[in-house]
Amino acid sequence: MSTRVAETPHGALGLSADDLLAMYELLLTSRLLDEAALRQNRMGRAPFVVPAAGHEGCQIGTAWAMRRGSDIWLPYYRDLGVVLTAGMTPYEVFLGVFAKADDPSSGGRQMPAHWGSRRLSIISGSSPIATQVPHAAGIAYAVKYREEDAVVGCWFGDGATSEGDWHEGLNFSGIHRLPVIFVCENNQYAISVPQSKQMAVQDVASRAEGYGFPGVVVDGNDVLACYGAMKEAHERARAGDGPTLIECKTYRFLPHTSDDDDKSYRTREEVEEAKGKDPLVRFGDYLREHDVLDDAIHEELQASKKREIDDAIQAAWDAPDPDPDSALRHVFQEEGS
Amino acid sequence: MSTRVAETPHGALGLSADDLLAMYELLLTSRLLDEAALRQNRMGRAPFVVPAAGHEGCQIGTAWAMRRGSDIWLPYYRDLGVVLTAGMTPYEVFLGVFAKADDPSSGGRQMPAHWGSRRLSIISGSSPIATQVPHAAGIAYAVKYREEDAVVGCWFGDGATSEGDWHEGLNFSGIHRLPVIFVCENNQYAISVPQSKQMAVQDVASRAEGYGFPGVVVDGNDVLACYGAMKEAHERARAGDGPTLIECKTYRFLPHTSDDDDKSYRTREEVEEAKGKDPLVRFGDYLREHDVLDDAIHEELQASKKREIDDAIQAAWDAPDPDPDSALRHVFQEEGS
Amino acid sequence: MTEKNVVTAIRDALHDEMDNDERIVLLGEDVGARGGVFRISAGWMEEFGERRVIDTPLAESGIVGVAIGMALHGLLPIAEIQFADFIHPAFDQVVSEAARLRYRSNGDFGVPMVIRTPCGGGIHGALYHSQSIEAFYAHIPGLKVVMPSTPADAAGLLRSAIKDPDPVLFLEHKKTYRAIKGDVPDGAYLTPIGSADVKREGDDLTCVSYGYSLHTCLDAAARLSEDEGTSVEVVDVRTLAPLDVETIVASVRKTSKAMVVYEDNRTYGAGAEIASTIAEQALFDLDAPIVRIGGPDIPAMPFAGPLEHFFMEPEPDQIYARMRELART
Amino acid sequence: MTEKNVVTAIRDALHDEMDNDERIVLLGEDVGARGGVFRISAGWMEEFGERRVIDTPLAESGIVGVAIGMALHGLLPIAEIQFADFIHPAFDQVVSEAARLRYRSNGDFGVPMVIRTPCGGGIHGALYHSQSIEAFYAHIPGLKVVMPSTPADAAGLLRSAIKDPDPVLFLEHKKTYRAIKGDVPDGAYLTPIGSADVKREGDDLTCVSYGYSLHTCLDAAARLSEDEGTSVEVVDVRTLAPLDVETIVASVRKTSKAMVVYEDNRTYGAGAEIASTIAEQALFDLDAPIVRIGGPDIPAMPFAGPLEHFFMEPEPDQIYARMRELART
Ligand SMILES: Cc1ncc(C[n+]2csc(CCOP(=O)(O)OP(=O)(O)O)c2C)c(N)n1
Ligand SMILES: Cc1ncc(C[n+]2csc(CCOP(=O)(O)OP(=O)(O)O)c2C)c(N)n1
Ligand SMILES: [Mg+2]
Ligand SMILES: [Mg+2]
């Protein structure tokens with residue numbers, strides 16, 4: 001028997017203590033932003049917000065395996081944690097929340113949380129569910145065609161898996177063994193429709209076999225498990241081994257959006273039980289166990305993040321609105337652009 | 001060890017010698033009709049025909065497990081053998097081929113082979129591929145809702161499985177455990193597109209698991225195997241156990257339609273090899289082995305069928321064309337109808 | 001007579017119909033436990049049972065396709081598309097299947113079904129919760145397209161749609177849901193599909209509109225008669241397909257001036273058919289060119305307040321202004 | 001100059017463009033080994049390789065959706081929809097995605113792609129191989145819709161469509177493929193998108209048309225000038241969206257009489273927009289009501305010869321007859 005230092009779970013994944021802290025910072029930022037946006041909504045300053053609370057673990061866990069700069073991101077509206085990992089700032093997020101002219105996603109044209117950024121290779125998303133899935137396949141085809149070292153990440157909810165576009169996009173990706181990763185954030189509801197009325201199976205991942213690539217189920221509250229699955233899928237994609245479907249079992253702590261009331265379709269017990277498995281808390285505990293985090297660090301981090309967010313809100317609020325007749329612009333490419 | 005008479009394969013399936021002969025008659029009729037229609041096309045009397053040759057085994061094998069009168073049929077354009085089993089006559093088939101006013105499918109409004117018949121509970125089909133799949137689910141839902149003892153049969157090709165509607169229809173059927181059977185006649189091509197460019201899997205049936213019901217693969221040239229799989233699926237449906245996806249491996253002996261030339265995408269060797277597995281010949285041999293058929297019976301059957309078909313062609317050809325301005329009728333339900 | 005807003009009128013009519021006819025089933029996203037995002041079917045899953053109030057997977061083509069199947073086998077499905085903007089994936093099932101089944105089967109197979117969907121903007125719905133879709137669907141032979149603008153018409157037309165032997169697309173403008181109130185006759189009266197309605201009589205000019213725009217036109221007409229005694233006749237199209245040409249043309253013949261107002265993108269919008277029909281049938285009755293006011297040709301409505309307002313009203317009080325102008329020419 | 005038919009002109013232009021630009025990929029059903037059902041890409045899979053000539057699964061929404069992705073990442077996809085009748089499943093990808101991406105991203109993401117599809121009837125295609133789809137798509141802000149009717153325009157417009165930074169729906173009328181021949185200039189000339197073309201000059205009346213109907217109109221115009229010396233100006237719309245209003249209105253101002261002819265179902269068809277634009281902008285120049293001739297409002301064309309013929313020509317030689325009538329009023 002050889003004597004070697006027992007490797008930590010994160011060590012086994014090649015993650016350093018700094019990595020863990022950076023990831024924790026993202027989870028915390030996402031959670032604080034979420035709460036702040038909801039407050040803005042309650043204050044009547046933001047007509048519409050989309051909570052991400054509960055999804056941070058699988059969003060940031062999977063997104064962390066992507067590479068800023070080279071990889072391409074197709075998040076869906078709930079993916080605050082994904083776009084933060086991609087490099088979007090709290091200020092940019094609130095430019096969207098307040099629908100300001102400088103909102104990087106759409107200049108205030110779309111509802112908040114309809115993410116997009118040329119700079120960050122976040123492909124502009126729409127409201128219609130699952131339409132981005134064939135886009136991800138097409139982009140991945142172009143990546144392969146141009147022989148680039150890039151991987152396409154495509155996120156969506158359990159509801160999206162019922163759409164024809166989802167089927168057609170995954171099928172095309174499998175046929176051409178494309179460098180794309182499909183991440184299903186399965187929070188067990190499409191707004192109010194429970195999984196049992198969306199599909200007759202336990203695991204969305206079980207559909208991957210029918211498209212000729214692997215499907216993986218992970219605990220969405222386990223950040224490292226999500227990262228591990230995504231890391232492996234990312235390696236497969238780069239190695240030319242084709243797509244992977246990763247299903248993260250997660251839960252939405254809050255209503256679907258600020259317009260929703262979830263009391264009619266979820267018992268409070270169910271919600272409370274889920275909150276007991278909070279990925280932020282769980283990841284924090286893991287960091288503490290491995291002496292990467294302690295109360296002092298946490299407090300300081302939290303305080304500085306809150307300051308940053310308050311400043312972002314103020315600055316975004318003060319930013320200019322879009323000019324009314326700019327509504328006519330960009331239907332087609334403009335001369336000289 | 002108990003001494004019991006070894007049961008024949010068809011006996012085990014509850015099929016009598018008469019059943020076998022009746023099934024053989026259908027296969028033969030389908031093949032002869034196919035050839036006759038093609039001749040009419042060559043003669044310039046039929047602008048468009050859809051060959052079924054090669055598919056008769058899986059079409060009639062599966063259709064035989066359905067019950068005329070109570071069950072509901074959603075065939076696709078290649079399903080001559082299915083509609084013959086449902087009760088359509090050669091005369092009715094040629095009324096369609098010649099687009100006559102009395103064509104039961106559409107009164108000459110649709111292309112030939114776009115089957116439909118109120119009398120026979122064959123739901124009118126269209127050209128767009130896979131649209132009938134959600135219809136089958138909806139009909140099956142209504143069957144269950146009305147507590148009827150009926151089973152819905154839905155046939156389609158391998159190409160259809162790529163459409164979003166196929167996914168959405170199967171998924172809905174699985175969720176509600178509906179009395180519907182999905183039969184895929186996998187002839188390995190969607191016109192010219194080989195299976196390898198349609199899907200990254202060997203078996204369409206492997207997708208059933210993702211919808212929560214069984215998927216079965218059978219040799220489409222083995223009539224009894226097709227019947228057996230359908231019979232079991234039919235029993236499951238009636239017992240309230242939900243849908244089944246049956247994949248029949250088959251082959252199209254002729255071009256896609258009379259407008260197609262398959263030389264550009266299929267080698268003659270491949271076609272000849274497939275013809276060597278002709279389900280009609282194979283079923284005939286089986287009947288001979290079990291003393292259900294001999295040359296005399298075959299000759300007589302063939303001769304009488306040819307006569308019947310020649311008469312049908314003549315009668316259909318002499319039948320009246322649709323009245324030009326009847327084109328304006330039936331856009332909406334007409335008064336008093 | 002009871003005063004109701006549009007959404008209540010729809011809910012009550014729908015509820016009564018479901019109560020009276022076991023064949024009616026409701027299917028759509030979130031129509032069950034959630035009672036629909038506009039709460040129209042709140043509590044109905046318990047009342048009518050899960051087999052009649054069906055929470056479907058997130059798949060519009062499937063919803064319409066399944067409803068077609070139900071209609072083919074003795075049920076009267078009412079498919080709800082959560083927002084009109086999301087009906088597009090079902091376009092093929094509507095065009096190629098629902099609207100064609102009777103025709104292609106030479107009358108053998110009818111599809112008695114209703115597709116209900118909330119449309120229109122002005123409610124901060126942004127690009128994908130604000131669209132007008134009537135122009136796409138009114139052009140489909142075999143489909144009827146209805147768009148009420150008052151509570152009474154909504155209830156009467158919905159009942160007619162449910163009793164219609166053919167597929168009907170029932171468009172509900174979201175902004176009328178709560179903003180528009182009116183007296184609704186008691187009892188299960190029917191408002192005929194295919195008939196327009198003169199909502200305000202007048203002699204100086206005819207204004208043809210529908211949906212929420214109709215109310216902007218009625219308001220402008222009222223102010224114009226107060227301010228300048230101009231008398232504007234306002235015609236509510238109510239049914240886009242089949243279009244009630246007689247009522248529209250008769251009004252224009254009477255007033256000799258026509259304007260057509262709609263919220264949808266102007267070019268190739270429904271107003272084009274209405275305006276050109278007037279031009280074909282009443283040209284020599286016209287004392288002035290037909291005025292056509294539609295929304296700007298941009299993809300639906302942006303989210304930001306200033307942008308959305310620009311879409312609804314590019315110039316301040318434009319309908320009033322154009323009406324006034326037309327009356328004076 | 002070389003004489004070609006429409007399908008050859010399209011094939012040659014497409015081939016040259018693919019030859020000159022590695023970014024162009026062709027995707028669709030049967031475009032590879034089969035070379036397309038109209039043989040336009042016959043042999044190209046070998047010539048350009050399977051990565052540039054892609055046989056797709058049978059899934060139109062996927063074809064358009066995948067093409068959008070390709071366009072977003074540096075390729076110039078040309079998606080072929082085998083028949084226009086089968087584009088409907090892709091309606092959402094066209095309306096909500098291809099046509100909206102630039103707008104919704106405030107100009108950040110463009111989608112340079114072409115969707116080519118054969119449309120129109122008169123070729124025994126029955127209900128699902130005969131449809132006209134231009135009216136649905138011309139109403140989508142953010143999408144350009146082109147429909148050439150001659151070999152020269154087909155080649156020039158296709159090149160412009162490929163070079164266009166935004167999505168273009170390129171409609172090819174099947175009946176023009178082989179029936180219509182004409183001189184095609186050599187070289188890679190461009191025919192501008194958005195400009196109509198006067199195909200025949202005249203003074204007595206203006207006939208506006210496009211696609212195959214244009215040729216029926218040209219033929220009628222020629223016979224009418226022989227028979228009665230009537231001089232008809234025939235305007236080829238060529239681009240449905242954006243519509244070239246100037247050219248159309250200028251012609252009507254000159255002739256004082258207008259007729260609009262199209263094959264699609266009449267009601268809410270593209271001709272409605274053209275006719276109402278004329279009514280708005282040239283009303284007082286008109287000496288007679290605008291004549292609008294469209295197909296009957298039935299679901300596309302039935303298969304049986306007598307029925308199909310009825311669709312194309314409800315009355316014998318109706319376009320000639322109506323032209324003659326209009327010229328005389
Ligand atoms: C095509 C389409 N249909 C319906 C909607 C309305 N809608 C918005 S979100 C949603 C539920 C999505 O659920 P899921 O994919 O599970 O994501 P989650 O919200 O649970 O994260 C629905 C039905 C839509 N946006 N697009
Ligand atoms: C929606 C749609 N797209 C394309 C077509 C054109 N088309 C007709 S048949 C066919 C291939 C169908 O292949 P498959 O489903 O395998 O049936 P098979 O002909 O092999 O029996 C295609 C692409 C169509 N009819 N409908
Ligand atoms: Mg969900
Ligand atoms: Mg096939």
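To find a chain, count down the sequence lines: A is the first, B the second, and so on, and within it residues start at 1. Owing to the predicted nature of the structure, the values given are computational and were not obtained by experimental measurement.
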Using a plain distance cut of 3.5 Å, could you tabulate donor-acceptor pairs between chain C and chain D?
unit_1	atom_1	unit_2	atom_2	d
C/S96	O	D/Y128	OH	2.6
C/R104	NH1	D/Y128	OH	2.8
C/Y128	OH	D/S96	O	2.6
C/Y128	OH	D/R104	NH1	2.8
C/H139	ND1	D/T267	O	2.7
C/H139	ND1	D/Y268	O	3.3
C/H139	NE2	D/D264	OD1	3.3
C/H139	NE2	D/D264	OD2	2.6
C/L240	O	D/Y268	OH	2.5
C/D264	OD1	D/H139	NE2	3.3
C/D264	OD2	D/H139	NE2	2.6
C/R266	NH2	D/E280	OE1	2.2
C/R266	NH2	D/E280	OE2	3.4
C/T267	O	D/H139	ND1	2.7
C/Y268	N	D/E273	OE1	2.6
C/Y268	O	D/H139	ND1	3.3
C/Y268	OH	D/L240	O	2.5
C/E273	OE1	D/Y268	N	2.6
C/E273	OE1	D/R292	NH1	2.9
C/E273	OE1	D/R292	NH2	3.4
C/E273	OE2	D/R292	NH2	2.8
C/S276	OG	D/R292	NH2	3.3
C/E280	OE1	D/R266	NH2	2.2
C/E280	OE2	D/R266	NH2	3.4
C/E280	OE2	D/R292	NE	3.0
C/E280	OE2	D/R292	NH2	3.0
C/R292	NE	D/E280	OE2	3.0
C/R292	NH1	D/E273	OE1	2.9
C/R292	NH2	D/E273	OE1	3.4
C/R292	NH2	D/E273	OE2	2.8
C/R292	NH2	D/S276	OG	3.3
C/R292	NH2	D/E280	OE2	3.0

Partner chain D: residue of C/V95, C/I298, C/L243, C/I87 with the largest heavy-atom pair count (under 4.5 Å): C/I298
Winner by heavy-atom pair count (cut-off under 4.5 Å) against chain D, out of C/A279, C/A138, C/A288: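 The residue among C/A279, C/A138, C/A288 with the greatest pair count is C/A138.
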Examine whether an atom of [X] lies under 4.5 Å from a heavy atom of chain C, and if so say whether it belongs to the side chain, the backbone or both; otherwise answer neither.
X	answer
D/A90	neither
D/A99	backbone
D/I278	neither

Region of C/A282 that comes under 4.5 Å of a non-hydrogen atom in chain D: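 For C/A282, neither part sits under 4.5 Å from chain D.
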Engaged part of C/F284 at the chain D interface, taking heavy atoms whose separation is under 4.5 Å: side chain
With chain C, which of [options] has the greatest number of heavy-atom pairs at distances under 4.5 Å?
options	value
D/V94, D/L286, D/V260, D/L240	D/L240
D/P89, D/A275, D/G269, D/A135	D/P89
D/A126, D/A270, D/P242, D/G271	D/A270

Parallel, tilted or perpendicular, as decided by the 30° and 60° cut-offs, for the rings of C/F91 and D/F91: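 Aromatic pair D/F91/C/F91 classed parallel.
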